[in-house]
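Residue numbers begin at 1 in each chain, while the letters A, B, ... track the order of the sequences. Given the structure is predicted, the values throughout are model-derived calculations rather than measurements.
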Number of protein chains: 2
Amino acid sequence: MQKKYLAIYDDLVNKIQANTWPVSTLLPSENELSIQYDTSRETIRKALNLLSHNGYIQKVRGKGSVVIDIHKFSFPVSGIESYAELAEKLQLESSTAVHQLGYLDANHEITKMLAMTQGERIWNVVRVREISGEKIILDKDYFTERYVPLLSLDICEKSIYHHIENNLGLEIGFAQKEIVVEDPTEEDRKLLDLEGFSNIVVIRSQVYLQDANLFQCTESRHRPDKFRFVDFARRVKN
Amino acid sequence: MQKKYLAIYDDLVNKIQANTWPVSTLLPSENELSIQYDTSRETIRKALNLLSHNGYIQKVRGKGSVVIDIHKFSFPVSGIESYAELAEKLQLESSTAVHQLGYLDANHEITKMLAMTQGERIWNVVRVREISGEKIILDKDYFTERYVPLLSLDICEKSIYHHIENNLGLEIGFAQKEIVVEDPTEEDRKLLDLEGFSNIVVIRSQVYLQDANLFQCTESRHRPDKFRFVDFARRVKN
DNA sequence: CAGTGGTCTAGACCACTTC
DNA sequence: AAGTGGTCTAGACCACTGT
């Protein structure tokens, strides 16, 4: 059986998006919701806290839960999102060209970061993302063969994340991301349509599984004019 | 009396930073902690969930809570952070020059966003941040006079946020942030030491109070070589 | 198997907002 | 005073991990 608080969360998200409670009005109270969904108040509170963390409501003590629905203005709420999800959301014509698919050098710095045992090899995937006819993003991914034993051109051209989560059944736990602006490298100039831009936006991330093991490093290099990052931050105190 | 789960959270953070449980080892189990702190398991779980959201631990079902302490590698965990906090953390010599302090035009676009009643005026503050002798950041802030009735040069030169949270007692609820790269404006060129850089990183944010009302818009314009954004993201499912 | 974290309950008291 | 969300409890059962 589906977890109750997640079912309630999904139901409330749907109702918010269907405008059952317009923006800046109040949700029913926790007590009323616990009657409506025939459950305890704590379970309702779990669902409401999820809504709050994901930018649907703001809870106000003594008043109730105000609908804010940040999703109406900006699509991607911050987090770990794959390129495929993004391109699909924006409904852009896009394609992916794989430029490298192999193993990394054994004494490369990243190998030392990712390898947990001696002799463990690290996948090295370099891909160029083309959107609306322009080569705009250069993605460099590194995975341990411990978690991702096999990779094919076909998988890389579609979505590695889809493969990892659905076929391999690995669950992402958390990620650390860094965004900086750098000078383009020779590789950037060669593989991307830089159009005279003298800077490139670099997003470096380290992705950990739910068992807290590091399994991937990524470098995503974007042409500055096509880069946009959206973040929803909440003062978390509970 | 201090909230119990926050006291436990603080205590655990201190102990993690004091290396009581080294990185990648396990915390005591929830049952054991509930005995140690003489409290219920749910209260312990609240403290542990906070640790998890803030990047100190990763909970693994059937095993326990693994210490990860992301803070060792990168200082600012994503969120809403003021310039003053940041400069202090990095221990850099820095100063702030106020270039404008007044009210915004009544039919400006931002006035329409922020004003809740007719005739309500909007503060317009433009400041240049100088770090280690270079003018690097241009901050443009807009506040409603409804929440911030008075502003002085002195306040602006120090930290407006400090004033808002401590003197005015306003509590930040959440913020929406957007990061893009743009061409420098005339104003950027005039006020900043751009050193020939042809791009500028713009962070636009809207800040809401805990009562879900919008009270501030901000534009923070950074020279690209001095810009760095760090983000810790977790797949939130509870 | 025992031990772990994840979910859920029914109830209690508190702090706050609104009237 | 009545209603709201915030904290806290003591107990239950489940799913998962290790041995």
Side-chain angles (χ1 to χ4, degrees), chain A residues 1-10 12 21 24-53 56-68 169-171 173-174 209-213 234-238, chain B residues 1-10 12 21 24-53 56-68 169-171 173-174 209-213 234-238:
Chain A
M1 179 215 174
Q2 158 84 299
K3 283 168 231 165
K4 217 182 231 184
Y5 77 92
L6 276 184
I8 296 170
Y9 167 79
D10 287 338
L12 290 173
W21 307 284
S24 86
T25 63
L26 293 174
L27 246 53
S29 75
E30 296 182 349
N31 276 318
E32 200 176 319
L33 287 172
S34 65
I35 297 168
Q36 279 181 26
Y37 286 100
D38 187 32
T39 187
S40 73
R41 203 182 132 216
E42 283 293 345
T43 300
I44 292 294
R45 286 178 54 74
K46 262 195 176 177
L48 291 185
N49 282 334
L50 244 193
L51 285 172
S52 166
H53 284 304
Y56 289 100
I57 62 171
Q58 169 80 11
K59 305 180 97 187
V60 186
R61 177 156 55 214
K63 280 172 78 178
S65 298
V66 186
V67 178
I68 54 176
L170 299 174
E171 297 225 46
F174 58 96
L209 296 177
Q210 285 198 335
D211 62 4
N213 284 323
R234 159 158 260 124
R235 282 240 191 264
V236 181
K237 278 290 158 213
N238 57 70
Chain B
M1 180 218 173
Q2 159 84 296
K3 283 168 232 166
K4 215 181 231 183
Y5 77 93
L6 277 184
I8 296 170
Y9 167 80
D10 287 337
L12 290 173
W21 308 283
S24 85
T25 62
L26 293 174
L27 245 52
S29 76
E30 296 182 350
N31 276 318
E32 201 176 319
L33 287 173
S34 65
I35 296 169
Q36 279 181 24
Y37 287 99
D38 186 31
T39 187
S40 73
R41 205 183 130 212
E42 284 293 345
T43 299
I44 292 294
R45 284 177 57 72
K46 263 195 175 175
L48 292 184
N49 282 334
L50 245 193
L51 286 171
S52 166
H53 283 304
Y56 289 99
I57 62 170
Q58 169 78 13
K59 304 179 97 188
V60 186
R61 181 163 44 223
K63 279 171 80 178
S65 298
V66 187
V67 177
I68 55 177
L170 298 175
E171 297 225 46
F174 56 96
L209 296 176
Q210 285 198 336
D211 63 4
N213 284 324
R234 156 157 264 122
R235 281 240 191 264
V236 182
K237 278 290 158 210
N238 57 69

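Remark: C1' of C:dA12 and CD of A:Glu42 are 12 Å apart, rounded to the nearest angstrom. Straight-line distance from the CG atom of B:Asp211 to the P atom of C:dC16: 15 Å, rounded to whole Å. We find that CG of B:Asn31 is positioned 12 Å from C1' of C:dA2, with the value rounded to whole Å. In this structure, the CD1 atom of B:Ile44 is 13 Å from the P atom of C:dT4, given to the nearest Å. Across the protein-nucleic acid pair, B:Arg45 atom CZ and D:dT9 atom P stand 14 Å apart, rounded to whole Å. When rounded to the nearest whole Å, the span between CD of B:Gln210 and C1' of D:dG5 equals 12 Å. Here the C1' atom of nucleotide C:dT9 and the CD1 atom of A:Ile35 are 15 Å apart, to the nearest Å. One atom, NZ of A:Lys46, and another, P of D:dG6, lie 16 Å apart when rounded to the nearest Å.
Looking at A:Arg61, its side chain has no donor and acceptor atom pair within 3.5 Å of the base of D:dG3.
Listed nucleotides: D:dG6, C:dG5, C:dT9. Nearest to the side chain of A:Glu30: D:dG6. Listed candidates were D:dT7, C:dC8, D:dT4. Nearest to the side chain of A:Lys4 is C:dC8. With distances taken from any side-chain atom of A:Ser65 to the nucleotides D:dG5, C:dC8, C:dT4, the minimum falls on D:dG5. Taking every side-chain heavy atom of B:Lys63 into account, D:dT17 is the closest of D:dA12, D:dT17, D:dT9. The side chain of A:Arg41 lies closest to C:dA12 when the candidates are C:dT4, C:dA12, C:dC8.
Side-chain contact between A:Leu26 and A:Trp21 is absent, with no heavy atoms from C-beta onward closer than 4.5 Å. With a 4.5 Å cut-off on side-chain heavy atoms, A:Leu12 and A:Leu48 count as touching. At a threshold of 4.5 Å between non-hydrogen side-chain atoms, the residues B:Lys59 and B:Arg45 count as touching. Looking at heavy atoms from C-beta onward, A:Thr43 lies out of side-chain contact with A:Tyr37 at the 4.5 angstrom threshold.
At the phosphate of C:dG11, neither OP1 nor OP2 sits under 4.0 Å from any side-chain N or O atom of A:Ser40. Neither OP1 nor OP2 of D:dG5 sits under 4.0 Å from any side-chain N or O of A:Lys59. The shortest distance between the side-chain N/O atoms of A:Ser29 and the OP1/OP2 oxygens of D:dG3 is not below 4.0 Å. OP1 or OP2 of C:dT7 has at least one side-chain nitrogen or oxygen of A:Tyr5 nearer than 4.0 Å.
Sequence order on DNA chain C of the closest nucleotides to A:Thr43 and B:Gly62 puts B:Gly62 first from the 5' end.
Panel note: side chain B:Gln58, backbone A:Gln210; a donor-acceptor pair is recorded below 3.5 Å.
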